[in-house]
S.K.: 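Attaching a single structure in structure tokens format; questions to follow.
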Amino acid sequence: MEQEPRVGVFICSCGTNIGGVVNVPDVTEYAKTIPHVVYAEHNLYTCSEAGLTAIKDSVKKHNLNRVVVASCTPRTHEPLFRAACRETGLNPYLFEMANIREHDSWVHPHEQHKATEKAKDIVRMAVAKATLLEPQTEPEVEVKGASLVIGAGVAGMTAALSMASQGFKVHLIEKEKEPGGMTQRLYKLYPTLADASEVINPLVDAIKTNKNIELLTSTTLKDVTGYIGNFNAIATTPDGNREMNVGTIIVAPGSSNYTPPKGLYEYGVHDHVITQRELDEKLRQGEIGEPERIVMIQCVGARKGEIRPSELEAFPKSDTAELLRRILKARKEEGWPYCSRICCMNAIKNAILVKEKSPATDVVVLFGDLRVYKEYEDFYRKARDLEVRFIRHIEEVPPEVAQMPDGKLQVTAYDALSGMEVKFPAEWVVLSTPLIPSKDEIMLARMLKIPIATDGFMMEAHLKLRPVDTNVDGVFIAGTVSGPKDVSESIISGEAAAARASILMGNKKVTTDAITAIVNEDLYIGCGLCEEICPYGAPKVEEGKSKIREILCRGCGSCAAECPKQAITMRHYRDDQILSQVKALLTPEIREEA
Amino acid sequence: MVEEKFEEDKVSEKEFEPVIIAYCCNWCSYAGADLAGTSRFEYPTNLRIIRVMCTGRMDSTLVLEALRMGADGVLIAGCHPGDCHYQKGNFMMEKRFDYLKKAVKNIGIEPERVRLEWVSASEGGKWAALAREMTEDIKRLGPSPFRLMRDTKKTDAAIDAFKSQRLRWVVGRSQIKVEIEEDKYRQTVDAIMQVEIERHMITGALKNKGPLTAEELAKLTGLQPNKIVQHLIALRKDGAISEAGEKNDQYLYRLA
């Protein structure tokens, strides 16, 4: 920037959150002495209406061309302050934040002097970076009013219907011959005990008759290129390849059911040892009859151990999809570390179904922990009223299943309440197994470049705040691909993903982050290393020129760190911008000036 | 007397508060440090966090420069393997780190001053523990040699080496599939790194001290004369240096 930097610094007391530890007036006086700072003030709450007005007024009054706010974490408040800058006509990328709350006052409450000195350092570092900031333009792209939904399960169908009803064209692809997903294979749903078909059939009918929805069954995704607003997807259909041009993508391929390894609790050895899913089917077919006793065992293959660092170290370091493949293989024997959330309710539901059909059957549920919530507590009580027996075993001593000489099964467990070993002869042993990542997810994660978390499920952009967004702009997740969910939760996530996608398609335009890579053509030699390194295919060497397609660039900066000619710089995170902070902290000249 | 000495100790103890630069990735470790704050986990005040989008962004020179400027320690913190927001930036950093650590040792700094750690957004406790541990470790090591002795010749050379096309190319290539055995490749990169640092010590000396003979260069860089001659031949071939007359029956060299 040709203009001399004129930095304004606003230091927040955050009530007493910062001011109770850091001497805010002292830091403010200090800030005034930092080179290029022409104005500094402190506020009770900089993020309040009064604080934001103070920023806006000062920008005008003092002709500021850089703003630094020293307060909390930029991860939550940067957008707010950037918006305030934008309102005054200042480019939002000329704003910098100094985190003196999460990284200072909150972690050093008993070292007030040191915390104050640290706050001065942090402010000085932020000012140093601010002086080197440049205005950035966020690229704007058009968003096609069409969406691709992958997976016609309950989540995918819900999402497709929601978008179609708003007038958007939806391509709904399903790898099976018929839509319906896992829900269609279920018998009854908790807690209403309604037939799953009551939920799924109207949905199937609706998507089949909706003019805005094109349903492609026996179809898998082959390749996806493009970016938010303009994806090109190629699907393999029974009639050959099919190309689709869409603005958004919703990923809803569902999950799998954990199959216990052969021999675990005699599973696969004795044909009366089955999973809850298999029991579901047998109840539908009426194959259970009126046995004397059914024993259910909870958390089979769930909440077992943890994913070991060694598992993570073993896989090729460039491919998270490969990681999942390996995890799936490794966890086959050992089971998965997380709680699958739906199994307790599912077991209770099946116990009730058995009891309603055959009240004389003794149904025993063996559990380490039983987790029911909200109105499901009533459902659990209903099972108790029907005399289903819930017995807690201590987790260190899992139940044992053995085949008796007469061919019957016997379950031995250690009852945590009585501290005694108990034995149950049983006609059926039913294992409650978790939902686990599916193999389809591996392929989709690789194709769409969605990160996978260490539990094997697709990762949300933010676990709490952005639960259906992914890190890939324009791509959303719905249903159990991001973790176990029951039918109603899958519907919620389908509606949510559709809403997120519709915002983009409804606005028809979207701006993307300006933090992208840029090539200096004077230094560029055409080696093509960036092309090979980039996970997103953003750099492209064409006619002896390398170009970063900024709409594809996610701004990680790996290419800049590896470019042999240092020809690639990252907008907003240039080497000199990063090092200016180090320099401000460490260079004695600057320290003495201070 | 005793009391005075005690006061002295106290002062010298007070004197060394390490300055640790912590480069944190935006998505995991910066958020992990935020969570340490939200959870009110206390830790020493010595860390100064610098936010980058991803550890994949961390050019080795950013670490070496921080050391040259006198940082007592540098921490790079990113997402756990498999959790990278950009899929594999942390792995790229990990690969780079092997070479970086060797370079740090090469320039005479304890490798323990530089650490690469994985801290997720949910590991506020781990962040606080890491900050405590690293501060303790560096206090034990004492101030960075660059704080006391301002001779950074070798570090300058290492930074230049990590900016050189040759070293960047071989390190960069290691991020993608190479056709030869990984160990063998690593050895080759190590060798190239060593050579590049030495050559940049020579060019650095020529830049600062003007035309010099091989003997003078050996004295200034501490390298063996035969090594110097080898490098001079290579540098001359590359067109990086040229002859600049004679002195005491020896050729003088200067930067081309």
Side-chain angles (χ1 to χ4, degrees), chain A residues 73-75 99 101-111 114-115 117-118 121-122 125 309 312-313 317-320 323 449 451-454 459 463 471 515 525 527 529 532-533 535-536 554-558 560-566 570 573 575 578-579 581-583 585-588, chain B residues 17 19 21 23 26 30-31 33-38 40-45 47-54 56-62 65-66 69-71 80-89 91-96 121-122 128 131 163 165-166 168-169 171-173 175-177:
Chain A
T73 173
R75 286 177 51 85
N99 185 343
R101 190 179 75 177
E102 279 86 345
H103 295 179
D104 192 12
S105 67
W106 274 355
V107 286
H108 314 305
H110 299 105
E111 295 179 283
K114 280 184 178 175
E117 292 308 304
K118 181 172 174 179
D121 282 353
I122 296 172
M125 290 162 76
L312 299 174
E313 278 160 17
K317 306 202 159 173
S318 55
D319 196 340
T320 53
L323 156 74
K449 328 228 181 287
I452 286 171
T454 40
M459 203 153 83
L463 186 64
N471 177 37
I515 300 170
I525 52 165
C527 71
L529 187 65
E532 292 188 71
I533 278 176
Y536 305 102
R554 309 288 307 132
C556 68
S558 297
E562 296 296 0
C563 176
K565 289 297 281 184
Q566 289 192 298
M570 295 307 300
Y573 285 91
D575 278 8
I578 295 172
L579 285 173
Q581 299 169 73
V582 184
K583 201 171 164 194
L585 177 67
L586 292 168
T587 308
Chain B
E17 279 295 344
V19 178
I21 302 274
Y23 289 113
N26 178 55
Y30 193 94
D34 280 353
L35 184 64
T38 317
R40 309 297 198 275
F41 294 137
E42 290 185 43
Y43 57 83
T45 57
L47 267 67
R48 299 289 180 272
I49 294 172
I50 293 177
R51 183 163 70 128
V52 291
M53 292 312 274
C54 178
R57 170 71 187 88
M58 290 302 301
D59 199 311
S60 300
T61 56
L62 297 175
E65 295 258 23
M69 285 189 238
H80 282 271
D83 279 355
C84 177
H85 193 73
Y86 305 98
Q87 296 186 65
K88 55 179 188 178
F91 291 131
M92 293 200 228
M93 182 61 232
E94 196 182 28
K95 205 147 225 179
R96 224 176 275 146
S122 60
K163 285 181 175 173
Q165 188 179 332
R166 187 173 174 222
R168 290 182 78 85
W169 173 251
V171 173
R173 287 305 295 183
Q175 302 290 5
I176 47 192
K177 212 173 169 180

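Convention: sequence-line order gives letters A, B, ...; per-chain numbering from 1.
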S.K.: Determine whether a donor-acceptor pair (N or O, by modelled atom type, separation under 3.5 Å) exists between the side chain of His108(A) and the backbone of Glu42(B).
M.R.: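 A pair under 3.5 Å: no.
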S.K.: Closest heavy-atom contact between Leu585(A) and Arg48(B)?
M.R.: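 Looking at all heavy atoms of both residues, the closest pair is CD2-CG, 3.4 Å.
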S.K.: Side chain, backbone, both or neither: which part of Arg166(B) has a non-hydrogen atom closer than 4.5 Å to chain A?
M.R.: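 No part of it gets close to chain A.
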S.K.: Could you have a look at Ser105(A), Pro74(A), Cys527(A), Ala115(A) and say which one has the most heavy-atom pairs with chain B under 4.5 angstrom?
M.R.: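 It is Pro74(A).
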S.K.: From Ile21(B) CD1 over to Leu579(A) CG, what is the distance, rounded to the nearest 0.5 angstrom?
M.R.: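 CG of Leu579(A) is found 9.5 Å from CD1 of Ile21(B).
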S.K.: Select, from Asn26(B), Val52(B), Val171(B), the one with the greatest count of heavy-atom pairs under 4.5 Å involving chain A.
M.R.: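 Going by pairs under 4.5 Å, I would pick Asn26(B).
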S.K.: Heavy atoms only: give me the nearest Glu111(A)-Thr45(B) pair and the separation to one decimal.
M.R.: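 Looks like OE1-CG2, 3.7 Å.
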S.K.: Of all the heavy-atom pairs spanning Ile578(A) and Tyr23(B), show the shortest one and how long it is.
M.R.: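 Minimum heavy-atom contact is CG2-CE2, 3.6 Å.
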S.K.: Please identify, among Asp104(A), Asn99(A), Ile122(A), Ile525(A), the residue contributing the most non-hydrogen atom pairs under 4.5 Å to chain B.
M.R.: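 Of Asp104(A), Asn99(A), Ile122(A), Ile525(A), Asn99(A) has the most heavy-atom pairs under 4.5 Å with chain B.
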S.K.: Tell me whether Asp575(A) is salt-bridged to Arg57(B), with the criterion being a basic N under 4.0 Å from an acidic carboxylate O.
M.R.: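 Answer for the salt bridge query: yes.
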S.K.: Side chain from CB out, backbone as N, CA, C, O: work out which of these in Ala131(B) comes under 4.5 Å of a heavy atom of chain A, or both, or neither.
M.R.: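 For Ala131(B), no heavy atom lies under 4.5 Å from chain A.
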S.K.: Pick one of side chain, backbone, both or neither for Tyr86(B), based on which atoms fall under 4.5 Å of a heavy atom in chain A.
M.R.: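 For Tyr86(B), the contact with chain A is made by backbone and side chain together.
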S.K.: Would you check if the side chain of Asn471(A) reaches a backbone N or O of His85(B) as a donor-acceptor pair within less than 3.5 Å?
M.R.: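 Yes: the side chain of Asn471(A) pairs with the backbone of His85(B).
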S.K.: Begin from the C-alpha positions of Val582(A) and Glu65(B) and carry the test side chain to side chain contact (heavy atoms under 4.5 Å, CB included) through to its verdict.
M.R.: CA-CA 9 Å; Val582(A) 184; Glu65(B) 295 258 23; over 6 Å; no
S.K.: For the interface with chain B, which of Gln566(A), Gln581(A), Arg101(A) has the highest count of heavy-atom pairs at distances below 4.5 Å?
M.R.: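 If we count pairs closer than 4.5 Å to chain B, Gln566(A) comes out on top.
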S.K.: Using non-hydrogen atoms and a 4.5 Å limit, figure out which bit of Leu62(B) sits close to chain A: side chain, backbone, both or neither.
M.R.: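 Contact with chain A is through both the backbone and side chain of Leu62(B).
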S.K.: Any idea which heavy atoms bring Ala561(A) and Gly56(B) closest together, and the distance?
M.R.: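 Closest approach of Ala561(A) to Gly56(B), heavy atoms only: CB-O, 3.3 Å.
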S.K.: When Glu562(A) is tested against each of Arg96(B), Arg168(B), Lys95(B) for salt bridge (Lys or Arg N to Asp or Glu O under 4.0 Å), which residue passes?
M.R.: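 One option only clears the test, and that one is Arg96(B).
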S.K.: If you tally heavy-atom pairs under 4.5 Å against chain B, which of Met570(A), Arg554(A), Lys449(A), Met459(A) wins?
M.R.: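 Ranked by heavy-atom pairs under 4.5 Å with chain B, first place is Lys449(A).
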S.K.: Picking from His103(A), Glu532(A), Glu102(A), which has the most non-hydrogen pairs under 4.5 angstrom with chain B?
M.R.: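 Going by pairs under 4.5 Å, I would pick His103(A).
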S.K.: Side-chain contact test, heavy atoms from C-beta onward, threshold under 4.5 Å: evaluate it for Met53(B) versus Ile515(A) and give yes or no.
M.R.: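 Met53(B) reaches Ile515(A) side chain to side chain.
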S.K.: Hey, could you give me the CZ/CZ distance between Arg75(A) and Arg51(B), rounded to the nearest 0.5 Å?
M.R.: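 Answer for the CZ-CZ pair, Arg75(A) versus Arg51(B), is 8.0 Å.
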S.K.: Look at Pro44(B), Ser60(B), Ser122(B), Gly89(B) and state which one has the largest set of heavy-atom pairs under 4.5 Å with chain A.
M.R.: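 Ranked by heavy-atom pairs under 4.5 Å with chain A, first place is Pro44(B).
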S.K.: If we ignore hydrogens and angles and just use 3.5 Å, is the side chain of Lys583(A) paired with the main-chain N or O of Met69(B) as donor and acceptor?
M.R.: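 Side chain of Lys583(A) to backbone of Met69(B), a donor-acceptor pair under 3.5 Å: no, none is there.
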S.K.: Which atom names give the shortest non-hydrogen contact between Leu529(A) and Arg173(B), and what distance separates them?
M.R.: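 Where Leu529(A) meets Arg173(B) most closely, the heavy atoms are CD1-CD, 3.8 Å.
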S.K.: Once rounded to the nearest 0.5 Å, what's the spacing between atom CG of Asp34(B) and atom CH2 of Trp106(A)?
M.R.: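 Nearest 0.5 Å value for the CG-CH2 distance: 9.0 Å.
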S.K.: Given a strict heavy-atom distance threshold of 4.5 Å, which part of Tyr30(B) is in contact with chain A: side chain, backbone, both, or neither?
M.R.: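 Tyr30(B) touches chain A through backbone and side-chain heavy atoms alike.
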S.K.: Considering only heavy atoms and a distance below 4.5 Å, find which of Ala121(B), Ala31(B), Ala36(B) pairs most often with chain A.
M.R.: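 It is Ala31(B).
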S.K.: Give me the atom names and distance for the closest heavy-atom approach of Cys54(B) to Cys556(A).
M.R.: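 Taking every non-hydrogen atom into account, CB-O, 3.6 Å.
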